[in-house]
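Just so it is clear: chains get the letters A, B, ... in the order the sequence lines come, proteins before strands, and each one is counted from 1.
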Amino acid sequence: MPRITVKKIPVLEVYPFENSISAHCCLKLLNFTSNALANQEKYLPDLSENIDIIVSKVKAGASYDEIFHSLMQDQTCNTIPISHNIVSQLLHRFKDDWKSALGIFKWVESHNTYMPLSDSYETMLDILGKMKQTEKMMSLIEQMNNRHLVTIGCIAKVMRRLCGAGKWEDAVTIFDDLHRFGLIKNTESMNLLLDTLCKENRVEQARKIFLELKSCIPPSAYTFNIFVHGWCKVNRVDEAHWSIQEMKGYGYNPSVITYSTVIESYCRHSKFDKAYELLDVMQAQNCPPNVVTFTTIMCYLTKNEEFDEALQIPKMMKLFGCKPDTLFYNALIHTLAKSGRIQEAVDVFEDEMPSFGILPNTSTFNSMIAMFCHHGLDQEALNVLKELQSSQLYRPDIQSFSPLLKMCFKKGKTDVLLGNLLDEMINKHHLSFDLSTYTLLIHGLCRANKCDWAYGFFKEMIDKDITPKYYTCSLLLDEIKQNNNYVAADHIEEPQTARPHERCPLPHRQALEASWRKIVSSLTGTIPDISVKLESKTAEKKIKEYGGSVA
DNA sequence: TATCGGACTC
């Protein structure tokens with residue numbers, strides 16, 4: 001049973017093959033991408049059927065334990081041969097739904113003929129960490145440790161998520177205990193810790209730790225690049241330069257990465273002149289800028305809306321003898337799109353990239369889709385999507401669809417087209433919806449007067465432990481209140497003729513409030529009853545925000 | 001170890 005049911009409409013009714021941009025480009029792509037095809041995972045029909053069977057047994061909103069037990073007791077599921085491929089696809093499918101992911105993972109782990117790859121363990125740790133399930137994440141890594149399954153990659157994921165959750169001290173503890181996991185403290189693991197801290201803006205802590213460790217663990221050139229990045233990230237470029245001096249003191253020359261990091265920082269502050277100066281220094285130091293350096297500069301010029309200057313970068317690059325790559329072209333397409341040069345962007349996508357043998361990736365297609373949507377060129381956008389779907393080389397992701405969903409709401413195409421796109425996202429591509437997708441959908445559906453549909457998504461996100469924004473809750477509540485009144489009135493006057501999709505099936509308010517209690521409780525950690533007076537000021541504020549009253 | 005998003009916000 002799919003989690004959301006959307007009426008199925010044949011694809012061709014919605015995406016007539018209208019113009020030739022797509023077909024044209026598709027042929028070209030296929031000509032020069034045949035070797036990439038070899039690297040793609042093969043999707044065997046029985047595999048995807050088996051996945052569907054397992055997915056259909058995973059009940060939305062159930063606890064991970066319930067999911068685990070229902071899978072354990074399921075006759076059909078237990079006849080399915082578990083493979084690494086099936087596990088990695090299932091985890092990918094539930095990457096924003098930790099309860100389902102963990103239930104399934106525990107189940108596959110319990111098979112005595114199957115042992116998950118260390119990659120799958122890493123993914124599972126990451127899913128828990130991302131959804132701030134720190135305790136679950138820590139208990140999983142302990143279980144892994146009992147079975148000697150912890151790799152440095154797992155440690156890296158755990159440290160990053162701990163830092164992300166504000167628990168950087170715990171990340172340091174993990175590093176201190178590294179021997180407990182059968183791993184050693186060396187330059188590599190130290191760099192991992194320092195990088196994690198720096199990426200979470202904890203460069204000062206990283207520095208202190210480094211001062212303690214440097215007598216026992218020799219730093220590498222990477223170590224100093226990590227600090228250069230860390231200081232730049234918190235806008236302390238002086239300290240970054242100081243780190244470069246220190247680096248030289250250790251006998252390491254700054255690399256193209258070191259310089260590009262500083263250039264990024266200059267660009268972020270719109271100091272493009274200083275960035276250009278540094279390019280010259282690099283050239284003089286025999287450390288010429290590379291494609292990343294130029295892509296960075298071009299991106300920031302675009303952000304600053306200095307389009308003409310941004311479009312000089314490809315020329316400058318040629319002068320430096322530097323070759324473009326996929327990410328450079330993605331940035332260039334974005335620059336052209338933002339500056340309204342649609343045809344030029346199409347030319348780059350269709351002619352220039354193929355002629356230089358540069359493969360697009362999903363983001364390249366996404367940039368084209370976003371550009372066409374932004375300029376109201378619906379059909380062109382849909383053609384690019386169609387091309388992406390039929391290419392066999394790439395698969396659309398959530399970003400491929402979001403501009404199209406937005407377009408549906410903007411143009412009021414909330415019946416056939418929206419239904420069809422959602423059907424493809426859910427049932428064909430099995431995309432995992434995140435906070436921004438749910439937000440976009442709920443807001444759009446409320447404004448389109450389809451609050452029952454919006455409410456379905458709302459319930460689904462609550463089930464997945466994705467906390468809606470305040471505005472989303474208040475918009476939906478208003479809509480439901482209004483709709484209830486309307487439905488009530490409608491029901492009295494002409495109960496037989498009301499159109500089902502325009503009404504809000506019965507009192508959702510109670511259910512909605514139950515959902516709120518759940519949210520409020522997760523936000524405040526207090527007993528979830530919105531009518532009871534609560535001690536904490538923050539709890540009061542939150543409850544008011546969520547439309548509850550405080551006695 | 002540096003690009004990784006491509007926009008309303010509550």
Side-chain angles (χ1 to χ4, degrees), chain A residues 156 187-188 190-196 198-199 206 219-233 240 243-244 247 252 254-268 275 278 282 287 289-305 307 310 313 317 322 324-339 345 361-375 397-400 402-403 405-406 409-410 434-437 439-440 442-444 447 468-476 478 544-547:
Chain A
T187 307
E188 186 199 358
M190 175 184 73
N191 284 348
L192 222 52
L193 172 67
L194 298 178
D195 187 46
T196 302
C198 286
K199 291 220 165 95
S220 62
Y222 296 176
T223 315
F224 297 103
N225 282 341
I226 289 166
F227 279 115
V228 172
H229 187 246
W231 290 121
C232 285
K233 194 160 185 292
S243 288
I244 294 177
M247 181 177 188
Y252 298 115
S255 65
V256 61
I257 294 176
T258 323
Y259 287 118
S260 300
T261 305
V262 178
I263 286 181
E264 197 263 355
S265 163
Y266 285 143
C267 290
R268 197 150 26 90
L278 204 45
M282 290 170 80
C287 176
N290 65 15
V291 61
V292 179
T293 326
F294 289 109
T295 306
T296 305
I297 301 174
M298 187 169 68
C299 280
Y300 279 99
L301 285 167
T302 303
K303 274 191 187 137
N304 263 26
E305 308 208 317
F307 302 123
I313 297 295
M317 216 165 111
C322 173
D325 64 4
T326 305
L327 264 60
F328 174 82
Y329 275 120
N330 291 356
L332 179 60
I333 288 172
H334 178 65
T335 301
L336 291 167
K338 289 281 272 189
S339 64
N361 60 18
T362 299
S363 292
T364 321
F365 288 89
N366 294 355
S367 296
M368 296 299 292
I369 294 172
M371 172 181 78
F372 285 133
C373 287
H374 192 255
H375 289 88
D397 58 22
I398 208 93
Q399 268 86 39
S400 317
S402 36
L405 296 178
K406 242 178 259 183
F409 293 125
K410 205 168 113 191
D434 56 6
L435 174 65
S436 61
T437 313
T439 307
L440 170 79
I442 295 171
H443 293 198
R447 269 177 278 147
K469 293 179 183 184
Y470 158 68
Y471 181 66
T472 307
C473 295
S474 103
L475 187 72
L476 186 58
D478 282 353
K544 278 183 187 152
E545 271 180 23
Y546 281 97

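- A:Asn366 comes within 4.0 angstrom of nothing in the nucleic acid, heavy atoms only.
- Here B:dG6 presents its P atom at 17 Å from CD of A:Glu305, a figure rounded to the nearest Å.
- Taking atom CD1 of A:Ile297 as the reference point, atom P of B:dT3 lies 14 Å away to the nearest angstrom.
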Got a list of protein N/O to nucleotides 7-9 of chain B N/O distances below 3.5 Å?
{"unit_1": "B:dC8", "atom_1": "OP1", "unit_2": "A:Lys406", "atom_2": "NZ", "d": "3.4"}

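- Counting only N and O atoms by type, the side chains of A:Ser367 and A:Thr364 include no donor and acceptor under 3.5 Å apart.
- For the pair A:Asn225 CG and B:dT1 C1', the computed distance is 6 Å after rounding to whole Å.
- A:Lys199 comes within 4.0 angstrom of sugar-phosphate atoms only, judged by non-hydrogen atoms across all strands, and of no base.
- Taking the side-chain hydrogen bond (donor to acceptor under 3.5 Å, both in side chains) definition, one finds that A:Tyr222 meets it with nothing, sequence neighbours left out.
- To the nearest angstrom, C1' of B:dA2 lies 12 Å from CZ of A:Arg268.
- For the ring-ring contact (aromatic ring centres under 6.0 Å, His included) test, residues two or more places apart in sequence or in another chain that qualify with A:Phe224 are A:Tyr250.
- Atom NE2 of residue A:His229 and atom SG of residue A:Cys198 lie 9.0 Å apart, to the nearest 0.5 angstrom.
- Counting to the nearest Å, the C1' atom of B:dG5 and the CG atom of A:Leu440 are 15 Å from each other.
- Residues A:Phe409 and A:His443 form no side-chain contact, since every pair of their non-hydrogen atoms from C-beta on lies 4.5 Å or further apart.
- Atom CG of A:Leu192 is separated from atom P of B:dT1 by 7 Å (rounded to the nearest Å).
- Picking from B:dG6, B:dT1, B:dA2 the nucleotide with the shortest atom distance to the side chain of A:Ser260 gives B:dA2.
- Between A:Thr293 and A:Asn290, the side chains place a donor N or O and an acceptor N or O closer than 3.5 Å (distance only, hydrogens not considered).
- Going from atom NE2 of A:His375 over to atom C1' of B:dG6 covers 13 Å, rounded to whole Å.
- The number of heavy atoms from other shown groups lying within 6.0 Å of NZ (A:Lys233) is above 12.
- Atom CZ in A:Phe224 sits roughly 16 Å away from atom P in B:dT1 (whole-Å rounding).
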